[in-house]
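Throughout, numbering of the chain's residues begins at 1 and tracks the sequence.
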Amino acid sequence: MTPRNDTTEVTAAGIARLAGVGRAAVSNWRRRHGDFPKPVGGTETSPSFALAQVEHWLRAQGKLVEVPLRERVWQQLAGHPAGPVTALLHTGCALLLLRDRPTDWLAVSAVSDERMAQLLPDALDETVAMRFGVRRRRAVRVPTAAELLPSVPLLRGAAELASELGAKQTYEFLLGRQTDANPRQYTLTPTGPAELMARIAGSAAAAGSAAGTGPARTVLDPACGTGALLRAVPPRPDQYLYGQDSSPELAALTALRLALHSDATVRTMAADTLRADAYDDRKAEAVLCHPPFNERNWGHDELAYDPRWEYGFPARSESELAWVQHALARLVDGGTAVLLMPPAAASRRSGRRIRADLLRRGALRAVIALPAGAAPPYNLPLHIWVLRKPGPAARPAPELLLVEAGGVLAADGRDKQLWPAVQDAVLDAWEHVERHGTLDERPGTARSVPVLELLGDEVDLAPARHLPPPTAAGDGTELLTVRYGLGEALRRAADLAPPPDDLTPAGTEGIPRPPLTTVGELARAGALTLHTGTGEGPGGTPVLTDHDVLTGAAPSGTAHEGVNSSDDVESVRTAPGDVVVPVFGGGTAARVIDEATAGAALGRGLALLRPDPAALDPWFLAGFLRGTANHRQASSYASTSARLDVRRLQLPRLPLAGQRGYSERFRRLAAFEDTVRHAALLGDRLVRGMHDGLTEGTLPHGGA
């Protein structure tokens, strides 16, 4: 067992996670139970409590059997006295020692906590020096014995967790929890776009445009953040991964993450990239970058005569074009840079001269528009720019590849199920251009545009401005199919609509209403079990998200890679008959899981209720959980957001036979709702197709 750390503190949110309840329930416990543990830290509005005392109280109340190992380790990290980032750095160093030199880890961990803290610095220093180079230039600083002493229980717990998940997966889990808990502190590149960017760069190297015949041997990310782009790079022998970030903590976290992920040589530096480039003497075969957007203070005044501005001095408002030119400056001749860019960078007037020079000299090879929601900021359809460093004898490319990936199957960037189709469409177009130099027009998706056609007054490179519309209107054949489908959906909706008799108020005077019970009471009685979603499971497992529940969509998320313990209680899988409820947002929704949705991991922000079929009908349960008044009395509000305390939701106390009538009505309402939703989607497609057909002249307009 992991030694107990009585100094670890936990917030009310952490207590709610431990017990599988909402924060409102924790507040109620504090008010109603005089023996609830007293705060030991934090502030008056956000107190913290001793984890050991909280565990003891929860067990005494029958609200907790055992804290899962992953949850214990996370709470130790989140409650670390030096902060979670410092705790992550200490943990990453220890996991690297465990991975690379397991016998040394066994030796230093087989002693008391105090002695372990004294032995660790020397062992860690040897391991870190072996992976990251000499102390003077490396980003990872080995902590002292005094700094490590509060971390020792955490490190022991992390090592125990690594015996189940592996060192890499353990670090990925803890880093993912930290970024999920503090999304505003990090600029994250989701897995889908990161893998797509890395594969574009890799295919360019494989095509012989860089110095190798396979994945790039040297790859640089000058704004590495938490290392998502470098982590997505396909491995190859003798590979070098370079990263730089203005935050020393992020540079160190990235180094540890990459070292645990692969055997590549890893070097990261902490400095402002544009003002203090740490790699000005080094060239890479590939550069991957998700630069900060819309920065005004990027060094415009200090860097006016910098040699990197080979294609023009960027305006103060064009920080992204400074990053583009920095990436080109760090490439070998023929090397490829792939950057994630805001869509405005393709069309702002202040950047048109630089865009024009990038085109004339053949440096810019492709602009790819991603679906909105693919990466933060999620309301924008971000672009991927693919660039190549022209060599002395290079001939300018006569065409620019433009891709509108949002048009692939009407892709929504939030729908991870569609990412394979998006990625395949983009890579197919890019690799075709790499092989043949051009691409036949693919309406609505891709086109090779002559550079001369783009060199107008605006030099507008937004793909949507230059691509013909998809052939949805065509000769009307597809629209006829949509029209027939809409007619069928409307007829089915009319058949499923509640009949007038069901909408006439019934006389209920003198009829006693059944007594009410709550979800919490049913859980304590064993009539159902309650689970909280984490979005975790084996890598690639579909995840049911709150968006899916609200829209009736198929599971669109993907589980964190490497969390593969199917027996762990945090990896909650849906089963037929489960009822899933979103706990945020203030809306009323409850979804009964069917065979098609079963097996998905339960996403964050969702509660799963698993009724005992001998006591509760799932449709009866889901129907009453959706009541507006029910949600109102069970919700707590903070500012404009609401959180649902699922345990406070009420439903009538009825025997199974008495639930059947409600169940059938609720089931029919759900079918009606699904049909109306489907009809709305078909109607939207028909309207858009008609507009496109009429405006493009592919449908008759009815005039003379």
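Considering only heavy atoms from C-beta on, Q169 stays 4.5 Å or farther from E164 through its side chain. No side-chain heavy atom of V579 sits less than 4.5 Å from a side-chain heavy atom of L608.
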- Step-by-step side-chain contact (heavy atoms from CB on, under 4.5 Å) determination, V580 to L602: CA-CA 9 Å; V580 178; L602 190 67; 3.8 Å; yes

- Query: Would D122 and V108 count as a side-chain contact (heavy atoms from CB on, under 4.5 Å) if you check the C-alpha gap in whole Å, the side-chain angles of each, and the deciding distance to 0.1 Å?
  - Reply: CA-CA 10 Å; D122 287 341; V108 300; over 6 Å; no

- Item | N28/R648 under side-chain contact (heavy atoms from CB on, under 4.5 Å): CA gap, chis, key distance, verdict | CA-CA 11 Å; N28 287 336; R648 292 175 56 190; 4.2 Å; yes

Determine all donor-acceptor pairs shorter than 3.5 Å in which one atom belongs to a side chain in residues 34-44; sequence neighbours excluded.
from, atom 1, to, atom 2, distance (Å)
D35, OD1, W57, NE1, 3.1
D35, OD2, W57, NE1, 3.4
T43, OG1, T45, OG1, 3.4
T43, OG1, S46, N, 3.0

Name each donor-acceptor pair under 3.5 Å that joins a side chain in residues 91-100 to protein atoms two or more places apart or in another chain, with its distance.
from, atom 1, to, atom 2, distance (Å)
T91, OG1, A87, O, 2.7
R99, NH2, D263, OD1, 2.9

Considering only distance and modelled atom types, tabulate donor-acceptor pairs under 3.5 Å from the side chains of residues 521-529, sequence neighbours left out.
from, atom 1, to, atom 2, distance (Å)
E521, OE1, T517, OG1, 2.8
E521, OE1, T518, N, 3.3
T529, OG1, H531, NE2, 3.2

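A donor-acceptor pair shorter than 3.5 Å cannot be found between the side chains of H80 and T86.
A salt bridge links E55 with R72; the closest basic N to acidic carboxylate O contact falls under 4.0 Å. Using a 4.0 Å cut-off between charged nitrogen and carboxylate oxygen, R177 and E71 count as a salt-bridge pair. Comment: D113 engages R156 in a salt bridge, judged by a side-chain N to carboxylate O separation of less than 4.0 angstrom.
In this structure, R70 forms a cation-pi arrangement with F173, its terminal cationic atom sitting closer than 6.0 Å to the ring centre and no more than 45° off the ring axis.
Just one residue in the list L258, L229, T268 forms a side-chain contact (heavy atoms from CB on, under 4.5 Å) with D221, and that residue is L229.
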